[in-house]
Structure formats: C-alpha cells, structure tokens
Amino acid sequence: MPPDLTDEQREQAVATANLVAASMARLNREHGKAAVLEAMRLISSAMESDQWRKDVGQALIDNGKILPE
C-alpha cells in the first residue's frame with residue numbers, strides 16, 4: 001500500500017526517483033551491472049539503520065509484485 005503523501009512530497013519523490021533511475025540506467029549502460037550493484041551497496045551503507053534498509057528493500061519487493069513480467 002503506498003504511503004499517504006502530500007502533493008509536494010509525492011512530486012519531490014517522483015523527481016528524485018527519476019534522477020536516480022536515469023543515473024542508474026546510465027551507469028549500467030556505461031559500466032555494467034557490477035557498477036550498479038556497487039552503487040546500491042554504497043547507497044545502502046549511507047542509510048542510518050538496518051530497519052531503514054529493510055523498509056527500502058521491502059518497498060522494492062512490493063513494487064516488483066505489482067509490475068508485469
């Protein structure tokens with residue numbers, strides 16, 4: 001279930017997601033999957049707690065459940 005966000009929060013989330021997705025796509029195109037995975041590890045290490053990492057991971061898993069294969 002998506003979180004309740006204000007219009008401004010949702011707009012900022014979408015803008016940030018677009019920047020990250022474009023950067024990851026470029027990184028993958030120019031340097032491959034290993035570089036993308038390393039970037040994800042570095043992002044994970046910047047998170048302040050294991051719970052935050054688990055929440056982000058769960059959001060990724062949940063999103064995968066609603067996407068067509």
Side-chain angles (χ1 to χ4, degrees):
M1 180 161 100
D4 293 328
L5 299 174
T6 65
D7 289 343
E8 181 179 359
Q9 288 172 318
R10 186 166 306 284
E11 183 179 307
Q12 288 298 313
V14 168
T16 299
N18 287 338
L19 285 170
V20 171
S23 295
M24 290 299 209
R26 181 177 179 187
L27 183 63
N28 185 51
R29 198 171 47 252
E30 294 179 4
H31 300 285
K33 181 179 177 180
V36 173
L37 295 176
E38 180 61 16
M40 292 302 295
R41 280 190 282 279
L42 292 167
I43 290 167
S44 176
S45 71
M47 294 178 182
E48 60 195 30
S49 69
D50 285 341
Q51 186 58 52
W52 190 13
R53 282 184 278 282
K54 288 177 185 176
D55 291 344
V56 170
Q58 188 62 53
L60 293 169
I61 290 167
D62 291 348
N63 189 54
K65 291 178 184 174
I66 61 172
L67 294 176
E69 292 195 31

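The figures here come from the full heavy-atom set of this structure, side chains too, leaving out hydrogens, waters and symmetry mates.
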Open item on the list: With a 4.5 Å cut-off on side-chain heavy-atom distances among I, L, V, M, F, W and Y, is there a chain of contacts connecting M47 to V36?
Closed with: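 Yes; tracing contacts between hydrophobic side chains, which count when under 4.5 Å, links both residues.
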TODO: Would you list the pairs meeting side-chain hydrogen bond (donor to acceptor under 3.5 Å, both in side chains) in which at least one residue belongs to residues 46-57, sequence neighbours left out?
DONE: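 Non-adjacent pairs meeting side-chain hydrogen bond (donor to acceptor under 3.5 Å, both in side chains): D50-R53, Q51-D55.
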Residues two or more places apart in sequence or in another chain: which of them pass side-chain hydrogen bond (donor to acceptor under 3.5 Å, both in side chains) with [X]?
X   : result
E8  : none
Q9  : T6
R41 : E38

Task: Rounded distance (nearest 0.5 Å) linking atom CG of L5 with atom CD of E11 - done: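 Answer rounded to 0.5 Å: 12.0 Å.
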Open item on the list: For a side chain to side chain contact (heavy atoms under 4.5 Å, CB included) check, start with the C-alpha distance between Q58 and D62, then their side-chain angles and the critical distance, and finish with the verdict.
Closed with: CA-CA 6 Å; Q58 188 62 53; D62 291 348; 2.7 Å; yes
Acceptor/donor pairs from residues 14-23 side chains to any protein atom, 3.5 angstrom cut, sequence neighbours excluded:
| residue | atom | partner | partner atom | Å |
| --- | --- | --- | --- | --- |
| T16 | OG1 | Q12 | O | 3.0 |
| N18 | ND2 | V14 | O | 3.3 |
| S23 | OG | L19 | O | 3.0 |

TODO: Report, as yes or no, whether the 6.0 Å neighbourhood of atom CE on M40 holds more than 12 heavy atoms from other residues, nucleotides or ligands.
DONE: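 It does not: M40 CE has 12 such atoms or fewer within range.
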Would you list the atom pairs, donor with acceptor, under 3.5 Å between side chains in residues 26-35 and any protein atom, with sequence neighbours excluded?
| residue | atom | partner | partner atom | Å |
| --- | --- | --- | --- | --- |
| R26 | NE | E30 | OE2 | 2.9 |
| N28 | OD1 | K33 | N | 3.3 |

Task: Atom of M24, atom of I43 and distance for their closest heavy-atom approach - done: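 Smallest heavy-atom distance, with atoms named: CE-CD1, 4.0 Å.
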